[in-house]
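Fair warning: this is a prediction, and the values are worked out from it, not measured in the lab. In what follows, residues are counted from 1 in the order of the sequence shown.
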Amino acid sequence: MRRAFLFGIFVLEVTFLFTEGVQILQDDAHHYRTKRSISPSRRTEIRNMSPNDRPSCPPGQTVPPTRVNTTVRLEDLRREMTNNGIHAYIIPSEDAHQSEYPSDYDLRREFISGLSGSYGLAVVTSTQAALWTDGRYFLQAEDELDCNWILMKMGETDVPSSTEWLISVLAGITNPKVGAYPFLINSGSWLSYEKALSKENIIMTGTNEDLVGKIWTTGRPQEPDSPINALPLKFAGRSWQDKLADMYKAMTEKEVDAMVVTGLDETAWLLNLRGDDIAYNPFFLSYIIVEKKTNITTLYIRNATSKLTQNPTDTETTQKLHEHLNTREDGNCTGRTGACVKVMEYQQNEVKNQVQSVAGNSEMVLVSFSCNYALFSSIPEQKRLRENTPVALAKAKKNEMERNGMRASHKRDAEALITFMAELERKVKQNVEMTEVSAALDLKKYRMEKLYNRGLSFPSISAVGSNGAIIHYKPSNLTDRRITTSEMYLLDSGGQYLDGTTDVTRTFHFGTPTDYQKECYTRVLMGHVDLAMMKFLAGLYGREIDAIARRPLWEVGLQYRHGTGHGIGMFLSVHEGPGRISLSHAPFDSDSPLDDGQFFSDEPGYYEDGQFGIRLENIVMVKEELDLKYKFPNTTFLGFETVTLVPYEPNLIKYELLSQAQMDWINKYHEKVMENIGTTEFQNRNPEAYRWLESRTRKITRTVNFSAVMSPSVLLILVAIISQGL
């Protein structure tokens, strides 16, 4: 007991040092700005940074096949910058709603830089271009960015923040101006830039147009405009009317008269609606303004008039949009009884004007941390309350129907994945050609056959050997590799179902792994299990328990460059805030404590550049622990319920490294997998998959013996895998 207590203190101290000891300001755009001043020598060093510092850019280096030529695009953008009187231009990854995964139409940062990963910030001056990204995309960025770009590896030693770089490279310019399109940058980022740059007499200014959009005249996808369907109550668990009543109550407690909802997952959840404007996410472009004073709720969507009267396109939905929202066919609430949602046309400037009007009639307006600067700045400073919306907090804490739906969808998803993996392993061992791309396509077919499936939750990461070291690798015809018995295979995939969103990662080796590969896999598994077993005090943040999953790697000098856990929605986003389990970034203003009913991933990993990648990921639900041995007064403890139901790879486990507690947890987990998946029905339907499942869920036992020929103090731990009943 005392050892566990002391270890808990150690973890909290490490967490504090890791997150608070670095003097960094972190905002919701996920890029950082340092507080320290920049010395003249440091400014010179930053100004001298060059694309030639990258290993693939000096003359004579082989050009990767995925590299994108951005020369003409940068020339066009610089012409527009000159026309707008600015010396630098900031291009974030996000859209007007700060979406992690924008629509194809909104992939401005990918267009201008070539980096296809979801995370990055591009800054272009009249002579230079730089891109910041995190550890998930270091290898990918090196391949995809051409040699017009300086690659800024965030978190690495001597890598400047975007603010430091701008201050350094703009030095000596008369009246320097940094521009950005206000609808595309969140308020926190804008204010941070404005404050830091103003100290160096650099002006942060908004452009009236999206400059990248202006030059993107060829090959740009159409603006998204998908049908919108109501999500039936049997999946949502609560009506939108009840949810809206909860919002009014929360607004009263916060003493705000109006709330502007900008997050696409929040608008979808609040009104029990789903669309298809964003790939892999059931969202639709929208804003909601909730006015408590006047009891008016307004939804802004594209082509509102036609969508209100369209027949539903989802077979589980029976209501038209205007019927679901209790509004007239023209979107007006005149003459309607009961709660009604007014529906208006989605136009950015019109929404901005309405926010300004609402603010004029309100004492206080609530906006989220991710609200774009255009809307944020239309509210007078003394009337703004900037924090997580009650929508975001309620959405993260699933109701009972949503919890059961998540469990059910993960069960069906596991059946699909297990069936696919059994077939894949057989084919690979029979020397049937299977590649990263073909495997991902086959797995998609299995998922699409399952009840309530509505597609994938993200592009499958199907990665062989060294491709697995690229944390968010996306297989393509240019990079496709064959799956063999000689290399490791990492598969990170998930599905969207009407009753849940899934995300699961397993790593395999179908031949003979090295002892080092087995140790790395086992240490990742140990951290994965340790986090799943953890009991912790209610009120802790995810960053305060992240170190638990890293300990087995840290103790031998290994590490991974990503967070351990992200939130996940219920038929919403595969990455859901505001909570997270992560030491890989400094604290965000939007961070919230872990709470009962929230779902997170548990996904430590290890990546050896040029060799292999390992990641193990389950989805877990935070739950209150009621069956602990003791009950400390006025104290609530939380733990995790694992909802993913897929066995681990026994071929990669060094069992002698596992503790008894870790073995016990794995055995209980595999028993649960067999109880839920290994049914008679499943066995009859797919004998091959059943045999594959059964072979991976056999009980692990530990026996302890003393050797007669060794010192009595030497303990020999013999570990074996035996079948149930042997």
Under a 4.0 Å threshold between the charged nitrogen and the carboxylate oxygen, would [Y] count as salt-bridged to [X]?
| X | Y | result |
| --- | --- | --- |
| Asp492 | Arg615 | yes |
| Asp104 | Arg220 | no |
| Lys444 | Glu449 | no |
| Arg108 | Asp106 | yes |
| Glu555 | Arg523 | yes |
| Lys395 | Glu402 | no |
| Asp413 | Arg447 | yes |
| Arg67 | Asp143 | no |
| Asp499 | Arg412 | yes |
| Lys518 | Glu656 | no |
| Glu688 | Arg426 | yes |

Tell me, yes or no, whether the heavy-atom count around [X] atom [atom1], taken from other residues, nucleotides or ligands under 6.0 Å, exceeds 12.
| X | atom1 | value |
| --- | --- | --- |
| Lys668 | NZ | no |
| Gln430 | CD | yes |
| Asn477 | CG | no |

Against the six-membered ring of [Y], is [X] placed for a cation-pi contact (under 6.0 Å from the centre, within 45° of the normal)?
| X | Y | value |
| --- | --- | --- |
| Arg550 | Tyr560 | yes |
| Lys429 | Phe510 | no |
| Arg580 | Phe588 | yes |

To the nearest 0.5 Å, what is the distance between [atom1] ([X]) and [atom2] ([Y])?
| X | Y | atom1 | atom2 | result |
| --- | --- | --- | --- | --- |
| His410 | Ile568 | NE2 | CD1 | 5.0 Å |
| Ser409 | Asn453 | OG | CG | 10.0 Å |
| Asn651 | His509 | CG | NE2 | 7.5 Å |

Quick check: do [X] and [Y] have side-chain heavy atoms less than 4.5 Å from each other?
| X | Y | answer |
| --- | --- | --- |
| Leu652 | Met488 | yes |
| Ile461 | Leu490 | yes |
| Ile545 | Ile581 | yes |
| Leu657 | Met526 | yes |
| Phe284 | Pro227 | no |
| Tyr607 | Phe138 | no |
| Val123 | Ile91 | no |
| Glu144 | Glu110 | no |

Locate the shortest heavy-atom distance separating [X] from [Y]; write the atom from each residue and the value.
| X | Y | value |
| --- | --- | --- |
| Thr697 | Met674 | OG1-CG, 3.1 Å |
| Ala268 | Pro282 | CB-O, 4.5 Å |
| Cys520 | Phe612 | SG-CZ, 4.2 Å |
| Pro51 | Cys57 | O-CB, 3.3 Å |
| Ala440 | Ser460 | CB-CB, 4.1 Å |
| Leu151 | Ala141 | CD1-CB, 3.7 Å |

Next item on the list: Would you please test Glu681 and Thr679 for side chain to side chain donor-acceptor pair (under 3.5 Å) and show each step?
Entry: CA-CA 5 Å; Glu681 179 188 358; Thr679 62; 4.9 Å; no
Item checked: Chi angles and distances behind the side chain to side chain contact (heavy atoms under 4.5 Å, CB included) call for Trp692, Glu423 -> CA-CA 9 Å; Trp692 188 91; Glu423 180 183 89; over 6 Å; no
Keeping [X] on the side-chain end and [Y] on the backbone end, is there a donor-acceptor pair under 3.5 Å?
| X | Y | value |
| --- | --- | --- |
| Asp95 | Pro102 | no |
| Thr564 | Pro604 | no |
| Ser50 | Asn52 | yes |
| Asn667 | Ile700 | yes |

Item checked: Ser116 and its side-chain hydrogen bond (donor to acceptor under 3.5 Å, both in side chains) partner, picked from Gln140, His472, Arg109 ->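 Only match with Ser116 under side-chain hydrogen bond (donor to acceptor under 3.5 Å, both in side chains): Gln140.
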Checklist line | Criterion side chain to side chain donor-acceptor pair (under 3.5 Å) on Thr435 and Asp480, from CA distance to verdict | finding: CA-CA 7 Å; Thr435 71; Asp480 197 18; 2.9 Å; yes
Item checked: Criterion ring pair (Phe, Tyr, Trp, His ring centres under 6.0 Å) on Tyr648 and His528, from CA distance to verdict -> CA-CA 11 Å; Tyr648 302 107; His528 170 82; 5.4 Å; yes
Note to self: Determine whether Asn467 and Glu436 satisfy the following criterion, side chain to side chain donor-acceptor pair (under 3.5 Å), listing intermediate values before the conclusion.
What the structure shows: CA-CA 10 Å; Asn467 286 341; Glu436 296 168 333; 2.9 Å; yes
Check: Who pairs with Tyr606 by ring pair (Phe, Tyr, Trp, His ring centres under 6.0 Å), at least two apart in sequence or on another chain?
Finding: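 For Tyr606 there are no ring pair (Phe, Tyr, Trp, His ring centres under 6.0 Å) partners, ignoring immediate neighbours.
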Next item on the list: Begin from the C-alpha positions of Ser573 and Phe283 and carry the test side chain to side chain contact (heavy atoms under 4.5 Å, CB included) through to its verdict.
Entry: CA-CA 9 Å; Ser573 177; Phe283 304 152; 3.7 Å; yes
Checklist line | ring pair (Phe, Tyr, Trp, His ring centres under 6.0 Å) assessment of Phe235 paired with Tyr452 | finding: CA-CA 10 Å; Phe235 302 118; Tyr452 301 144; 4.9 Å; yes
Check: What residues form a salt bridge (charged side-chain N to carboxylate O under 4.0 Å, His left out) with Glu641, not counting sequence neighbours?
Finding: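 For Glu641 the salt bridge (charged side-chain N to carboxylate O under 4.0 Å, His left out) partners, ignoring immediate neighbours, are Arg407.
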Next item on the list: Evaluate the side chain to side chain donor-acceptor pair (under 3.5 Å) criterion for residues Glu94 and Ser99: first the C-alpha distance (whole Å), next the side-chain angles of each, then the deciding distance (0.1 Å), finally the verdict.
Entry: CA-CA 5 Å; Glu94 297 80 13; Ser99 304; over 6 Å; no
Item checked: Candidate pair Leu572 and Glu576, rule side chain to side chain contact (heavy atoms under 4.5 Å, CB included), full reasoning -> CA-CA 8 Å; Leu572 288 168; Glu576 179 178 81; 4.1 Å; yes
Item checked: Leu424 and Ile483: CA distance, side-chain angles, deciding distance, side chain to side chain contact (heavy atoms under 4.5 Å, CB included) verdict -> CA-CA 9 Å; Leu424 176 66; Ile483 304 170; 4.1 Å; yes
Check: Can you list every ring pair (Phe, Tyr, Trp, His ring centres under 6.0 Å) pair that touches residues 411-446, not counting sequence neighbours?
Finding: none
